[in-house]
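Computation of the quantities below employed the complete heavy-atom set of this structure, encompassing side-chain atoms and omitting hydrogens, waters and symmetry-equivalent molecules. What you see is a predicted model, and the numbers here were worked out from it, not measured in a lab.
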Amino acid sequence: MRRLLLSCIAAVSLAACSSETTAPADDLAIDAGLFGTALTQAGGYDARLYQARLFNALPDEIALSDDQKAKIRSFVEEFNAATKSDREALGDILKQARDAARAGKSRAEIQAILEQGAPLRRRLHDAEKELVASIGSVLTAEQKAWLNAHRPERCDVSKFPPLTDAQKAQIQALENSFRENNKADLDAMRAVMNEAREAVRAGKSREEIATILARGATIARRLAEARRDLREDILAVLTPEQRASRCLPLG
């Protein structure tokens with residue numbers, strides 16, 4: 001019955017058819033690839049940003065349930081609490097390396113500073129991989145397939161300067177704005193999808209289910225456009241160097 005619902009949805013969809021945002025060149029070389037990379041590879045960059053992208057980017061027909069969202073929030077909160085000291089310590093090392101570069105220190109001296117962060121970076125990378133795996137454990141097969149199809153292609157994390165605090169705040173604000181500005185459509189589409197799922201469970205015909213879904217066609221178009229606009233807005237927050245790494249935002 002799930003295949004029936006998804007095929008009906010597909011048919012309806014076709015019918016409906018810090019204050020610093022950039023860094024000096026020396027800083028870019030220091031920043032790139034220093035932090036954990038699993039979230040960047042997944043198109044999320046940061047645990048809370050990955051959570052927000054999952055909540056907002058997935059299409060309505062495979063949107064996260066409230067139970068899935070609650071579990072993902074708990075995973076992210078646990079990750080942030082467990083990695084707080086490592087992330088802060090690595091940030092301090094990064095600042096020391098930047099200051100050394102600005103003071104004209106040699107490449108060897110800067111490298112010696114950065115090497116102090118190697119164990120931290122490995123732990124963060126492992127923690128990020130575990131977080132992505134934990135989130136994956138609560139996703140459906142359809143959600144996983146969509147994520148696999150929308151991960152950044154040819155992402156080179158060694159060339160991706162980490163997001164600044166200002167960039168993270170901008171992206172989070174964009175995600176929040178998307179939810180607020182589209183709340184009525186998101187709620188209406190959720191109601192349509194719930195009705196269609198109930199119809200599937202009740203053994204209704206393909207035509208009856210398609211009729212229910214057709215009521216959401218206009219809403220689906222608006223939300224698809226809003227999601228495309230959101231992704232473009234997030235891309236605009238990234239620096240040219242970050243975009244050139246091809247580590248693009250999820251979805």
Side-chain angles (χ1 to χ4, degrees), residues 1-17 39 42-44 47-78 131-153 174-232 234 248-251:
M1 296 305 285
R2 175 175 283 182
R3 288 196 185 93
L4 170 61
L5 176 58
L6 288 174
S7 63
C8 285
I9 290 167
V12 171
S13 297
L14 287 173
C17 269
L39 288 170
R48 286 201 174 92
L49 296 181
Y50 186 49
Q51 171 186 297
R53 283 276 68 209
L54 284 174
F55 287 13
N56 293 333
L58 283 168
D60 302 292
E61 62 269 22
I62 56 171
L64 296 167
S65 67
D66 289 341
D67 183 58
Q68 285 178 309
K69 289 181 179 179
K71 288 178 180 176
I72 290 171
R73 286 191 188 97
S74 70
F75 291 146
V76 170
E77 287 171 5
E78 289 170 7
L131 172 62
V132 173
S134 296
I135 289 173
S137 72
V138 304
L139 301 179
T140 66
E142 291 86 1
Q143 289 166 338
K144 290 177 183 177
W146 187 92
L147 288 176
N148 287 333
H150 289 80
R151 293 193 190 282
E153 294 183 7
L174 289 170
E175 298 283 0
N176 293 341
S177 179
F178 169 85
R179 286 195 299 275
E180 292 168 6
N181 293 340
N182 296 283
K183 185 178 186 304
D185 277 350
L186 290 167
D187 290 345
M189 198 65 200
R190 188 178 302 111
V192 169
M193 296 308 304
N194 287 339
E195 186 179 352
R197 290 188 181 99
E198 288 302 318
V200 169
R201 294 188 186 102
K204 300 292 185 182
S205 69
R206 182 184 297 268
E207 291 73 19
E208 289 173 299
I209 296 168
T211 297
I212 295 170
L213 291 170
R215 298 203 300 269
T218 301
I219 301 172
R221 278 199 300 269
R222 285 200 300 266
L223 286 173
E225 291 171 2
R227 288 188 174 100
R228 283 194 295 270
D229 289 344
L230 172 58
R231 188 172 187 275
E232 290 302 313
I234 293 173
L248 305 179
L250 172 63

Specify the closest pair of heavy atoms between Arg151 and Ala42, including all atoms of both residues, with the distance to one decimal. NH1-CB, 3.3 Å
To the nearest 0.5 Å, what is the distance between CG on Asn176 and CG on Asn181? 10.5 Å
With heavy-atom distances below 4.5 Å as the criterion, would you say the side chains of Tyr50 and Val76 are in contact? no
For Asn194, all residues meeting side-chain hydrogen bond (donor to acceptor under 3.5 Å, both in side chains), sequence neighbours excluded: none
Approximate separation, where rounding is to 0.5 Å, of Leu223 CG and Asp60 CG: 5.0 Å
Could you check whether any side-chain N or O of Ser177 sits under 3.5 Å from a backbone N or O of Leu174, counting only pairs where one atom can act as donor and the other as acceptor? no
More than 12 heavy atoms of other groups within 6.0 Å of Asp66 CG: no
Of all residues at least two apart in sequence or in a different chain, which pass the side-chain contact (heavy atoms from CB on, under 4.5 Å) check with Ser65? Asp67, Gln68
Across all chains, not counting sequence neighbours, the side-chain hydrogen bond (donor to acceptor under 3.5 Å, both in side chains) partners of Glu78 are none
Go through the structure and list residues passing side-chain contact (heavy atoms from CB on, under 4.5 Å) with Pro152, not counting sequence neighbours. Cys155
With the side chain counted from C-beta on, respond yes when Leu213 and Met193 share a heavy-atom pair under 4.5 Å apart, and no when they do not. yes
Lys69 versus Leu54: any side-chain heavy-atom pair under 4.5 Å? no
With sequence neighbours excluded, residues passing salt bridge (Lys or Arg N to Asp or Glu O under 4.0 Å) with Glu195: Arg215
Nearest heavy-atom neighbours spanning Asn56 and Arg227: O-NE, 2.7 Å
Would you say that Trp146 contacts Glu142 through its side chain, given a criterion of any heavy-atom pair below 4.5 Å between the two side chains? no
All heavy atoms of Ala47 vs all of Leu39, minimum pair found to be N-CD1, 3.5 Å
Glu198: salt bridge (Lys or Arg N to Asp or Glu O under 4.0 Å) partners, not counting sequence neighbours: Arg201
Using 0.5 Å steps for rounding, measure from the CG atom of Leu139 to the CD1 atom of Ile62. 9.5 Å
How long is the span from the CD atom in Glu61 to the CD atom in Gln143, to the nearest 0.5 Å? 10.5 Å
By salt bridge (Lys or Arg N to Asp or Glu O under 4.0 Å) - contacts of Arg48 (at least two apart): none
To the nearest 0.5 Å, atom CD1 of Ile209 lies from atom CD of Glu207 at 9.0 Å
Of all residues at least two apart in sequence or in a different chain, which pass the side-chain contact (heavy atoms from CB on, under 4.5 Å) check with Ala188? Ile219
Can you list the residues that meet the side-chain contact (heavy atoms from CB on, under 4.5 Å) rule with Leu248, with sequence neighbours excluded? Arg231, Leu235
Do Met189 and Leu186 come within less than 4.5 Å of each other through their side chains, counting heavy atoms only? no
Residues which pass side-chain hydrogen bond (donor to acceptor under 3.5 Å, both in side chains) with Thr211, listed by chain and number, not counting sequence neighbours: none
Do Ile212 and Lys204 come close enough that some side-chain heavy atom pair is under 4.5 Å? no
Could you walk me through whether Arg221 and Thr218 pass the side chain to side chain contact (heavy atoms under 4.5 Å, CB included) check? CA-CA 5 Å; Arg221 278 199 300 269; Thr218 301; 3.4 Å; yes
Mind listing the closest non-hydrogen atom pair of Ala57 and Gly251 along with its distance? CB-CA, 4.5 Å
If you define the side chain from C-beta out and look only at heavy atoms, does anything of Leu230 sit under 4.5 Å from Arg179? no
Arg222: which residues meet the salt bridge (Lys or Arg N to Asp or Glu O under 4.0 Å) condition with it, sequence neighbours left out? Asp185
Please enumerate all residues that pass side-chain hydrogen bond (donor to acceptor under 3.5 Å, both in side chains) together with Asp187, with sequence neighbours excluded. Lys183, Arg190
Output the distance between atom CG (Leu250) and atom CG (Leu49), rounded to the nearest 0.5 Å. 11.0 Å
